[in-house]
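Whatever order the structure lists ligands and atoms in, that order sets their numbers, starting from 1. Throughout, numbering of the chain's residues begins at 1 and tracks the sequence.
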Amino acid sequence: MSTKFIFITGGVASSLGKGVASAALGALLQARGYSVRMRKFDPYLNIDPGTMSPYQHGEVYVTDDGAETDLDLGHYERYTNVAASKSDSVTTGRIYQTVLQRERKGQYLGATVQVIPHVTDMIKEFIQADLNDEDFVLCEIGGTVGDIESLPFIEAIRQMRQDIGVERTLFVHLTLVPYISSAAELKTKPTQHSVKELLASGIQPDLLLCRSDREIPADARRKIGLFCNIRKERVIQAIDVDTIYATPLTYHDEGFDIEVLKHFGLPTDTPPDLSAWSDIVERIRRPEGTVRIGVVGKYVELKDAYKSLIDALNHGGIANHVKVEIEWIEAEAFEKSGTTERLENVHGILVPGGFGERGSEGKILAAKFAREHKLPYFGICFGMQMAVIEAARSLVGWSDAGSTEFGPTMRPVVGLLTEWAKGNTVERRSSEDNLGGTMRLGAYPAALAPGSKAAEIYADSLIHERHRHRYEINVAYRKEIEAAGLIFSGLSPDGRLPEIVELKDHPWFIGVQFHPELKSRPMAPHPLFSAFIEAALTHSRLV
Ligand code: GLN
C-alpha cells in the first residue's frame with residue numbers, strides 16, 4: 001500500500017490534547033495491523049526546543065538519535081512504541097535554517113527565495129523524508145489555525161493534497177465544543193469559525209474531532225456537519241476521559257478509526273484488537289493500593305515539565321497494580337524551610353532532572369533524608385548528581401564536594417564533560433560552545449556490574465538509555481566514594497562515564513545519569529520505575 005498522510009490541525013484553543021489525539025489514532029491504526037510513523041511540526045522559530053525554558057515549553061523529549069524534541073513525541077512513542085528520530089520533529093526554525101543554507105550554497109540557482117514555493121517545498125520535503133514504506137504517516141501541525149506562523153504549514157499540506165491526491169491524504173481538525181453554563185448549552189460556533197479559518201486557507205477538513213466535557217447531542221453534531229460541509233458521522237465527539245490511555249478505546253467507540261479507513265477506501269469489517277488497551281485501563285481504574293512518591297524538583301508548578309516522568313511513575317503503578325500519588329515538593333522552598341515533614345509521609349523520593357544551582361541544596365537534603373531513613377530513592381540525571389555530592393560530603397567526609405555547574409569548586413565530584421566517545425567517534429565540547437544541541441544527547445550504552453541491583457532489575461548486562469546533560473560524575477573519585485558505600489554499578493563500556501550508582505546498605509537507593517522515563521511505555525513499564533514503585537510499596541507496608 002502506498003503511504004498515506006494524515007494531517008492533524010487544531011482550532012479554537014490550544015492545549016486540547018492534539019498530541020494525545022494523534023497518538024491515539026496511531027495506536028488505533030496499529031491495532032488494525034497497519035504500520036505508522038508519527039511526526040510533529042512546530043511553527044516557532046527555535047531550531048529545536050532544546051534551549052527553551054521548561055516554563056515555556058514543558059519537557060524536552062529526547063530521541064535515541066539525540067534529537068531534542070517536543071513532548072508530544074513522548075505521547076507518540078508511548079502509544080505506538082515506534083522509536084522517534086530526528087526527522088520526526090521539525091520546527092519553522094529548522095525549515096528556514098535548511099532553506100537559508102541552500103540559498104548560501106547557491107542551490108536555488110539565482111531564484112528569489114520565497115515562502116511559496118521554497119519554504120513550503122521544504123516543509124513537504126520534511127513531511128516525506130526518511131520514511132520506510134509506512135502505511136500511515138500522521139503529521140501533527142502545532143499551534144492553532146489562524147496563527148500567522150502556522151500558515152506556511154497549512155499551505156504546504158494543502159499543496160500535498162494536490163500533489164498526491166485525496167486518496168492519500170486526510171485532514172483531521174481538532175476543535176472544542178464548550179459548555180456554557182449560564183445558557184446550559186453546548187456551543188458549536190467556535191468550531192464553525194475555526195473550520196471557516198481553515199477553509200480560508202484552502203483546506204476543507206475531512207473529519208472533525210470535537211473535544212467536549214460532555215456528550216454532544218446528535219443534533220449539535222448534525223448542525224456542525226451542516227455548517228462545516230462534513231457528514232455527521234465524521235463529526236466525532238472526543239469527551240474528556242478519566243485516563244488518557246482510554247482514548248484509543250473511546251475514539252474507537254465513536255467510530256474515529258472506521259471513518260479514517262473509509263476515507264482511504266480500506267476495509268473496516270475486522271475490528272481492531274484493543275485488548276491490551278482495555279487491560280491497562282482496567283488496571284488504572286481498579287488499583288489494589290496506593291503509594292505516595294515525593295518528587296523534589298524545580299518546576300513543580302508546571303506539570304508539563306515532567307510529562308514523561310509522571311507517565312513513567314504511573315506505568316510503575318500499572319506494573320504493581322497500585323495508584324501512584326505524587327507529592328510535589330518545590331526544592332528551593334524545601335531547602336529554606338528545613339522541615340522534613342512532607343518527606344516523612346511519602347513512600348519513596350524521586351529527584352528528577354534539572355539545571356542550575358537554585359534548589360540544588362534542597363535536592364541534596366532530600367537524598368540525605370532518603371539515605372538516612374532507608375526510604376527508596378530514585379535520582380534521575382541531576383538527581384543522581386546531587387545524591388553523589390551528598391554521599392561525597394556525608395559518607396566520604398569531603399565537605400567541599402560540589403558540581404562545576406554551580407561555579408568553580410575545589411572538589412568537582414560532578415564536572416563539565418568536554419570529551420566522550422560516541423560509537424567510534426569522539427565528541428568534543430568546550431564551555432564556550434553554543435548552548436543548543438551540545439549536551440550529551442541520545443542513546444548510549446552502559447555496562448552493568450554483575451551482582452548489582454541495577455543488573456538484577458534490568459536482568460541484563462548491557463543497556464541503552466537516553467541522555468541529556470552536560471555534566472558528569474567524575475570517575476576519578478570512584479575509589480573513595482565506593483569505599484564509603486556508594487557503588488558505581490553502571491559505567492560506559494570504556495569505564496570513563498559513571499551511568500548508575502547505588503547504595504550498598506539500603507533497600508533501594510539508585511541514581512542514573514540518563515532519563516529512563518523516556519523509554520517507559522504503558523504496555524512495557526520501565527524496569528527501574530516498576531522496581532522503584534515496588535520498593536515504595538514494600539516500604540509503605542512497613543510504616
Ligand atoms: N544540569 C545537569 C547537567 O547538565 C543535569 C541535567 C539533567 O538533569 N538533565 O549535567
Side-chain angles (χ1 to χ4, degrees), residues 48-55 57-64 66-69 71 74 295-300 302 304-310 312 331-332 349-364 366-367 377-390 392 401-409 412-420 427 429-444 446 465-475 477 490 492 496-501 510-520 528:
D48 62 42
T51 56
M52 284 164 139
S53 147
Y55 293 112
H57 188 271
E59 162 186 282
V60 172
Y61 191 77
V62 181
T63 59
D64 279 333
E68 298 179 275
T69 74
L71 56 80
V295 174
V296 184
K298 185 158 142 186
Y299 319 106
V300 294
L302 186 87
D304 264 5
Y306 299 111
K307 203 101 199 170
S308 296
L309 183 83
I310 298 170
E332 198 180 13
I349 296 178
L350 191 150
V351 176
F355 292 83
E357 189 167 14
R358 183 168 71 76
S360 59
E361 289 299 329
K363 295 174 186 178
I364 290 173
Y377 177 85
F378 194 3
I380 295 181
C381 207
F382 199 72
M384 172 208 202
Q385 297 174 355
M386 296 308 107
V388 174
I389 291 175
E390 197 284 313
S403 166
T404 55
E405 181 169 1
F406 315 144
T409 159
V413 168
V414 181
L416 182 69
L417 177 66
T418 53
E419 202 178 288
W420 66 93
E427 300 248 330
R429 303 281 193 271
S430 92
S431 49
E432 274 86 57
D433 275 349
N434 281 347
L435 279 186
T438 58
M439 288 189 248
R440 179 150 80 108
L441 289 168
Y444 281 85
E465 293 282 5
R466 297 182 192 172
H467 290 250
R468 181 173 186 255
H469 56 105
R470 201 165 266 118
Y471 299 86
E472 202 82 39
I473 308 294
N474 195 337
V475 77
Y477 296 112
S492 58
R496 292 176 59 197
L497 307 173
E499 296 276 11
I500 308 183
V501 295
I510 293 184
V512 296
Q513 188 56 75
F514 44 81
H515 289 277
E517 70 273 26
L518 303 177
K519 283 177 70 171
S520 189
L528 283 171

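A salt bridge between Arg440 and Glu499 is present, with a side-chain N of the basic residue lying under 4.0 Å from a carboxylate O of the acidic one. Using a cutoff of 4.0 Å between basic side-chain nitrogens and carboxylate oxygens, Lys307 and Glu59 are not scored as salt-bridged.
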Any protein N or O within less than 3.5 Å of an N or O in ligand 1? List each pair with its distance, or say none.
unit_1: ligand 1; atom_1: 1 (N); unit_2: Gly354; atom_2: O; d: 2.9
unit_1: ligand 1; atom_1: 1 (N); unit_2: Glu405; atom_2: OE1; d: 2.8
unit_1: ligand 1; atom_1: 1 (N); unit_2: Glu405; atom_2: OE2; d: 2.9
unit_1: ligand 1; atom_1: 4 (O); unit_2: Arg470; atom_2: N; d: 2.9
unit_1: ligand 1; atom_1: 8 (O); unit_2: Gly354; atom_2: N; d: 2.9
unit_1: ligand 1; atom_1: 8 (O); unit_2: Gly354; atom_2: O; d: 3.4
unit_1: ligand 1; atom_1: 8 (O); unit_2: Phe382; atom_2: N; d: 3.1
unit_1: ligand 1; atom_1: 9 (N); unit_2: Arg468; atom_2: O; d: 2.9
unit_1: ligand 1; atom_1: 9 (N); unit_2: His515; atom_2: NE2; d: 3.1
unit_1: ligand 1; atom_1: 10 (O); unit_2: Gln385; atom_2: NE2; d: 3.2
unit_1: ligand 1; atom_1: 10 (O); unit_2: Arg470; atom_2: N; d: 3.2
unit_1: ligand 1; atom_1: 10 (O); unit_2: Tyr471; atom_2: N; d: 2.8
unit_1: ligand 1; atom_1: 10 (O); unit_2: Tyr471; atom_2: O; d: 3.4

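In this structure, the side-chain contact (heavy atoms from CB on, under 4.5 Å) partners of Glu361, at least two apart in sequence or on a different chain, are Glu335, Ile364, Arg393.
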Assess the residue pair Asp64 and Arg466 against the criterion (side-chain contact (heavy atoms from CB on, under 4.5 Å)); give the C-alpha distance rounded to whole Å, side-chain angles, the decisive distance to 0.1 Å, and a yes or no. CA-CA 6 Å; Asp64 279 333; Arg466 297 182 192 172; 2.8 Å; yes
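Not a single donor-acceptor pair under 3.5 Å links the side chain of Thr409 to the backbone N or O of Ser403.
By the 30° and 60° cut-offs, the orientation of the rings of Tyr299 relative to Tyr55 is perpendicular.
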